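Here the structure comes first, spelled out in structure tokens, and everything after it is commentary.
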Amino acid sequence: MKAISDKIKSIAAGLFDSGKIDVFIGWEGGPCDYAIRPYIARSKADLERMAFNEYAIHNSSNYLLKLRDGHEKIGIVVKGCDSRGVVRLLEDNQIKRERLYIIGVCCPGMKDPLLAIKAQSGLLPQRDCDNLADKCLNCLVPNPVIFDELIGEQQPPHMQGERFAKVAAIENMSVAERFQFFEKEFSKCIRCYACRQACIACDCRTCIYDEMRPQWVGRENSNSDNMMYHLVKALHMAGRCIECGECERVCPVGIPLMLINNKLAKDADRFFGPYEAGLSYVEGQKPALSVYRENDPDDFI
Amino acid sequence: MKILAKDKVAELLEKIAQQAEVYVPMAIEQGSGFYPWTEDNKNQPLLLDALNVYNSPKYILFPQTERMYDLKQQGQDLSIDQTHEDSSPRVIFGVRACDARALRSLDDVFLTRGFEDSFYKARRDNVTVIGNACYAPGANCFCEAMGVDLTEPEADVILRDAGNDGYIWESKTETGDKLTRAVAEFLNDKETKAPEAKSFQTQVDYDGVAEKLKGMFEHPLWEKMAEPCVNCGACTYICPSCHCFDIQVKMWGDSGYRFRCWDSCMYAEYSAEAGGGNPRPSGVERFRNRFLHKLEFFSERYGYSLCTGCGRCTIVCPAGVRITDIIKAIKEVDSSVGL
């Protein structure tokens, strides 16, 4: 990791020197390894503060949204999942490819800094934080799918076992059981919108949940309003979620949000595929549900 | 002194539960918080010995969603059918000093300075708080720096963990005395000693920060500090003292109800104006507001910081924002730079 970190810094320094970039998105080191956090360097001097280690789990592409209205040329470090986030933003016309210089890191899998900080916080209960993060254990695409420069050896997928096993378990429930399952999970929701804010597919400038006239989704912390929040979010994710797993990782109450997103990825592939969101970028390419074709199958409606 | 033996805790809770709703720190699945001591919950792990739980007792006095009143519309007139002030008796058991201080800040906001919030007051007047003194602060704790005495939770009764001897039971108020009499059968007389408090692992210097912030509204530091923040509301909802709320209405035809629900200054909608403007157009202004409220505005109005040093916001932040770093940065920076 130290070698990767040094390499990133030296490439970034060169990019600042040659004027190829004005800002650089990566991670800033903290008082301990898991205190690493996303960082936007604005000069070569800022690179001093940068780091990359086994806790650099945040989806770096999210930070492109902070710069989408500017004209800066941006250097960015991406892991496999982050690179799919970049594809998401390119397809959604949120940023132009020519503004980006992408440094890809073949990702060996990350640990979750949230579990690490909880483990030493003294607050209970705690979960094991020594293994790879859940989102990494479900990763099929550890290697960047779009980059200008690549660091590290190609990594095999970290996912063990059957990809949709957890989804199948839910599919096998009766309708009533399924409803009960999700009702219980969503009843925990505190509507902090961490899942939305951490999501790279949530790149709308005005979110439906922030609309007041009319207010589409109620603000009560009730089963019906919570259910509405999650259902609407889910449908907006269909064919767009790049399965980085950040929503589930950052949820402070532990709602298994990726169950829903995995199911939608499975269905988008089945009904409109073969299709996987954000696996490659072709100019003008759109997500499965963002195009209209007369010969689209509609037999499921 | 009065002692509550540790193996008597469940019986004591049982006894209190006959008269009041009792909330205790416990773990349920992956989460933890102050949950009611009910038949369903009794088998869940009680976390009195843990440093703290993820969800503070804030919601017991100030629920995330609280129905205020039912209403009917008749032509141009509105009539209120029923208000939902809730004055049922409640006991919150095992509150740490940081969370007890947060309850005091809610009291100041909802009950002082010329207005009493009747919904809050109805709950507050009927709540007994049993504190649980801290002697071993955690890695993210810094309550002392924010003016909180970890061994003296502001509560009606204080429990002090004296190890095998049990909990020292110290009544601090008349409400505490009343409860003490009601549970006398579970308390023994015995002399023992409370442990020495260990020192804090996280050192923060808040002295002078509130005053210094007065001149730092436009400081370039905010932009830098706000950079990692993704503007979710996790910190505000997990915070034991954040108390912003919105009042909204739900109508079906000519009848409905008005309710209030937690709101977060991290959301764009929070500061949206009826005319379409927004004085806090980007994440930076929202971030600045949150920390100015925590570290400056509240202190100007009430004389102490709204941050109680519990460390929860740092623990749940998806992006690694640390309020202790922010206090340090403010302390160290030249406040005149860029102005």
Side-chain angles (χ1 to χ4, degrees), chain A residues 27-28 30-32 34-40 42 46 55 58-59 62-63 65-66 113-114 117-127 184 188 190-199 205-207 209-213 215 218-222 225 246-247 249-255, chain B residues 25 27-32 45 47 49-55 59 63-65 67 136-141 224 226-238 246 248 250 259 261-264 266-270 272 274 282-283 311-312 314-322 325:
Chain A
W27 285 266
E28 177 186 25
C32 58
Y34 64 74
I36 196 168
R37 64 184 174 199
Y39 183 65
I40 305 179
R42 299 198 178 258
D46 283 350
Y55 291 102
H58 323 78
N59 191 328
N62 203 337
Y63 290 82
L65 289 174
K66 295 207 178 207
L114 283 171
I117 195 170
K118 282 174 185 168
Q120 52 83 66
S121 69
L123 270 58
L124 293 180
Q126 296 173 355
R127 281 181 57 204
K184 181 169 171 243
K188 293 192 270 186
I190 56 170
R191 302 285 288 278
C192 69
Y193 301 150
C195 51
R196 174 185 72 174
Q197 296 306 106
C199 176
R205 282 173 191 275
T206 305
C207 174
Y209 308 118
D210 294 337
E211 295 256 287
M212 293 301 287
R213 280 190 248 165
Q215 185 185 45
R219 281 285 290 277
E220 271 184 300
N221 195 255
S222 63
D225 284 358
E246 276 290 271
C247 52
R249 183 183 76 84
V250 303
C251 176
V253 294
I255 300 172
Chain B
I28 295 186
E29 294 173 8
Q30 284 179 46
S32 62
L47 297 181
D49 295 339
L51 176 76
N52 213 338
V53 287
Y54 289 108
N55 294 311
Y59 87 99
Q64 178 155 14
T65 302
R67 193 183 282 214
N140 301 99
C141 293
K224 202 73 202 159
E227 216 139 55
C229 174
V230 293
N231 281 105
C232 73
C235 53
T236 57
Y237 284 0
I238 205 85
D246 194 9
Q248 301 196 356
K250 276 196 179 165
F259 65 95
C261 56
W262 292 357
D263 204 352
S264 170
M266 286 286 139
Y267 302 157
E269 177 204 339
Y270 175 93
S282 81
R312 287 190 183 90
T314 301
I315 293 166
V316 302
C317 179
V321 174
R322 297 180 287 269
D325 281 5

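Since the structure is predicted, the reported quantities are computational estimates derived from the model, not experimental observations. Convention: sequence-line order gives letters A, B, ...; per-chain numbering from 1.
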Item to check | Interchain contact, D46(A) with chain B, by part (heavy-atom threshold 4.5 Å) | outcome: side chain
Next on the checklist: Determine whether K250(B) and Q215(A) satisfy the following criterion, side chain to side chain contact (heavy atoms under 4.5 Å, CB included), listing intermediate values before the conclusion.
Outcome noted: CA-CA 11 Å; K250(B) 276 196 179 165; Q215(A) 185 185 45; 6.0 Å; no
Next on the checklist: Which heavy atom of R312(B) sits nearest to which heavy atom of L123(A), and what is that distance?
Outcome noted: CG-CD2, 4.3 Å
Next on the checklist: If the test is side-chain contact (heavy atoms from CB on, under 4.5 Å), which one of K66(A), E246(A), Q197(A) qualifies with V230(B)?
Outcome noted: Q197(A)
Checklist outcome for this item: All heavy atoms of I190(A) vs all of Q64(B), minimum pair found to be O-NE2, 2.7 Å
Item to check | Sub-4.5 Å side-chain heavy-atom contact between Q120(A) and N140(B) | outcome: yes
Checklist entry - Where on E28(A) is there a heavy atom nearer than 4.5 Å to chain B: the side chain, the backbone, both, or neither? => result neither
Next on the checklist: So W262(B) and R191(A), do their side chains get closer than 4.5 Å, heavy atoms only?
Outcome noted: no
Checklist outcome for this item: For V250(A) and P318(B) the tightest heavy-atom approach is CG1-CB, 3.4 Å
Item to check | chain B contact via Y34(A) - which portion, at a heavy-atom distance below 4.5 Å | outcome: neither
Item to check | Side chain / backbone / both / neither for Y193(A) at chain B, heavy atoms under 4.5 Å | outcome: both
Checklist entry - Given that the side chain runs from C-beta out, which part of P38(A) has a heavy atom under 4.5 Å from chain B: side chain, backbone, both or neither? => result both
Next on the checklist: Between E29(B) and K188(A), is the side chain to side chain contact (heavy atoms under 4.5 Å, CB included) condition met? List the steps.
Outcome noted: CA-CA 11 Å; E29(B) 294 173 8; K188(A) 293 192 270 186; 3.8 Å; yes
Checklist outcome for this item: OH of Y237(B) to CG of N221(A), rounded to nearest 0.5 Å, is 8.5 Å
